[in-house]
Amino acid sequence: MATKVTTPKPDQLVTSIDFTPPKTGWMDTPTIIKPGTFCWGAKGKNLATVEFPNARDWNPSDQDWKLPENWQEIFLKGMEDLLGKYRSFKVFMDICVRCGACADKCHFFIGSGDPKNMPVGRAELLRSVYRKYFTASGKMLGKVAGARELTVDVLKELWYYAYQCTECRRCSLYCPYGIDTAEITIMCREMLNLLGLNTDWISGPVANCYMKGNHLGLEPHAIMNSIEGMIDDIETVTGVRVNPSFNRKGAEILFVTPSGDLFADPGTFTCMGYLALFHELGLDYTWSTYASEGGNFGFFTSNEMAKRLNSKIYAEAKRLGVKYIIGGECGHMWRVLHQYMDTWNGPADFLEVPVSPITGTRFDTAKVLKMIHITEFTADLIKHGKLKLDPSRNDDLVVTYHDSCNTSRGMGLLDEPRYVIKSVCNNFYEMPENTIREQTFCCGSGTGLNASENMELRMRGGFPRANAVKHVKEKHGVNMLANICAIDRATLSASMDYWVPGVRVTGVHEMVANALIMKGEKERETNLRGEPLPGKEGN
Amino acid sequence: MTLETFLSEKKPAIAEKWFHLILATYPADTSNFLKNQKDRFTNPVGHTIHQGIEEILDELIHVVDIGKVSPFLDSILRVRAVQDFTPSQAVSFIFSLKSVIREELEGDKNFAVSPGELRELDSRIDSLALASFDIFERCREKLYEIKANELRRMTFRLVQRANELGGEPDAESPPERKQ
């Protein structure tokens, strides 16, 4: 007799579907490399340009990553070298007690829900390898002691998550031991680089910067041409023709900014802001088409590469014979300058302690570095009443301020940008306390993760920041997100577009220039973006 | 008692169970965090889901006006559209509401729902599911649009300048200039 076939009822179907993920331990949960979360692999030619080993084209979505035969030996030798070189790395590998204080502080964990994105989880990926090969307990007890073999799959997992950390250091802020998880990511990326496992989005700019002086690979005529275009635009808006100089020996000040400001909107408007301000002050300064990049993607690659790319800044200051350097609005540029430049390429004993030629203020905080941030410089000008400002020109803006991770946690630049913004805008509202200043949430796209192919990852990482922006938009009508970072200007535009439509992104000096009453200016009808000023809409 | 009254009374229990079922689609370590962290800025995903389902239930209990309920579906789906979910997994949380409500009905001996009312409720949940597919798709399209716009933004000045120098007409303005 045939068995009677019964069709399940809809209720039974609904209740029989189990969407619960398997409850396996992290070591037994395989990592699947998914499109949308990773950047394309480095091109061999770019790695070869900077003489990096194992340069080849490779694709993360391929099964075969074309690793050298002795890849495991290379990786572990690299790890041994770094453990010997950096005491901090060894300490960070040993001392975590898994208290969990960092777990929910990472924007990637918060946005993705992937436990391997908890900072402690991400670090554990590397710690497990460390235990296996560098500790007695790990060698003897293996998995029981939290140790595991370095297999190809483990290597791929390390790569996948090393590029899901923006080195923003928010987790470090809460760690009772002061473990700097960013440093663990930095070390991991450095080891991966020994195997040629960089990304195209980082290695391309590194090669460009090494050969041409900036990430975009702009040659001197292209830089000057771009700035000439901005000079035309400033003249159209203000009636004033600014006249910057390039590579001028004997200038008092060298100005260095990220090259993103030269071509990518809305950074270009920030750049116009610098040009207008410096012109109004009659500042004796020069641009350099050689030290034409403040940013440093080498920092996302290896210590040595970061040092090599950074060296041009002091070298150019020396060649031109300037007294000191002003740096533009950038994030990681300032972490690198503030915490590494003197050790790498100093002492800058050929430069002087920065003194504002307008106010006479001596910036003793920069007496070693000999370089100041433009918001420090501008805040000092405003404090001394040296700028004529009309904040009502920015009355169409309801502004909030995003602290870049690197300028806030990396160098403590918290109040100067806010002081400048409040001086040039009438409508300013802070985001909630646990999302700003030292506790700021990352944009989700720093450390060279600002490619397009990993957009899902960027949106996950950007959600905590965007969520706070959404809150002030709903509460106060915020429509402009200000920041002092070139990567923020580029990537927060995308993040706002997805999460909080209606909020745009600006650099601080764009708003400064819009409010700035310049000598000899015409009656302004538009802002630097060519949009009508408040009250001039009908003209 | 009508189904509407029943659902209004049981709304807190339904919302709670539904919330837990949705969180169960995340790994265990994550769902604990999403469930227990109450700060809306530290836990935006948990907060968004919790707030969203409250509002969706309010609508569902009465008459589903897709126009009204869309923003709440959107807030949840916008998150799930960029997380590690397939499209069917991302929208599955709508269907799990059917089993949550049935459990509540079965657990209450004082109320017997009529087949007609239940069919009508299922149909309302199905309409939420259909709307969810549309919203999910819009979120994914937005991601691709953002990718394209970002590339245009990066190269806009170069193209504009090249065209100016070459005597060509102005490059088309990048997206934000049109606003």
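A note on names: the letters A, B, ... follow the listed sequences, proteins ahead of strands, and every chain is numbered from 1.
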*asked:* Counting only heavy atoms not in A:E537 (residues, nucleotides, ligands), do more than 12 fall under 6.0 Å from its CD?
replied: yes
*Please determine if A:R122 forms a cation-pi arrangement with A:Y161, meaning its NZ or CZ atom is less than 6.0 Å from the six-membered ring centre and no more than 45° off the ring axis.*
no
*asked:* Less than 4.5 Å apart, side chain to side chain, heavy atoms only: is that true for A:N527 and A:F269?
replied: no
*Residues B:E104 and B:K11 bridged, charged N to O under 4.0 Å*: no
*Contact part of B:S31 toward chain A, heavy-atom cut-off under 4.5 Å: side chain, backbone, both or neither?*
neither
*Below 4.5 Å from any heavy atom of chain A, which atoms of B:Q83 appear? Answer side chain, backbone, both or neither.*
both
*Using non-hydrogen atoms only, which part of A:S112 is less than 4.5 Å away from chain B: side chain, backbone, both, or neither?*
backbone
*Residue A:A103 versus chain B: region with a heavy atom under 4.5 Å*: neither
*Can you tell which of B:Q37, B:E150, B:R78 has the highest number of heavy-atom pairs within less than 4.5 Å of chain A?*
B:R78
*Return the option, out of B:T48, B:D84, B:N43, B:D39, with the maximum number of heavy-atom pairs under 4.5 Å with chain A.*
B:D84
*chain B contacts, top residue of A:M455, A:K470, A:E228, A:Q439 (heavy-atom pairs, under 4.5 Å)*: A:M455
*Counting heavy-atom pairs under 4.5 Å to chain B, which of A:M118, A:R458, A:M431 comes out on top?*
A:R458
_Steps toward salt bridge (charged side-chain N to carboxylate O under 4.0 Å, His left out) verdict (A:E510, A:R489)_ = CA-CA 12 Å; A:E510 179 187 340; A:R489 283 191 283 283; over 6 Å; no
*asked:* Let's test your reading of the structure: which of A:R460, A:M459, A:H471 forms the most heavy-atom pairs below 4.5 Å with chain B?
replied: A:R460
*Listed partners of A:F109 passing ring pair (Phe, Tyr, Trp, His ring centres under 6.0 Å), at least two apart*: B:F33
*At a heavy-atom separation under 4.5 Å, does A:N434 approach chain B through its side chain, its backbone, both, or neither?*
side chain
_Any non-hydrogen side-chain atom of B:R138 less than 4.5 Å from a side-chain atom of B:K142?_
no
_B:K147, NZ atom: more than 12 neighbouring heavy atoms under 6.0 Å_ = yes
*Below 4.5 Å from any heavy atom of chain B, which atoms of A:A466 appear? Answer side chain, backbone, both or neither.*
neither
*Among A:P432, A:A468, A:G260, A:A264, who wins on heavy-atom pairs under 4.5 Å with chain B?*
A:P432
*Using non-hydrogen atoms and a 4.5 Å limit, figure out which bit of B:R40 sits close to chain A: side chain, backbone, both or neither.*
both
_Between A:F463 and A:Y498, ring centroids under 6.0 Å_ = no
*Side-chain ion pair, B:D58 and B:K68, N-O less than 4.0 Å*: no
_Between A:E453 and chain B, with a heavy-atom cut-off of 4.5 Å, which part of the residue counts as in contact: side chain, backbone, both or neither?_
backbone
*asked:* For A:D232, which atoms come within 4.5 Å of any heavy atom of chain B: side chain, backbone, both, or neither?
replied: side chain
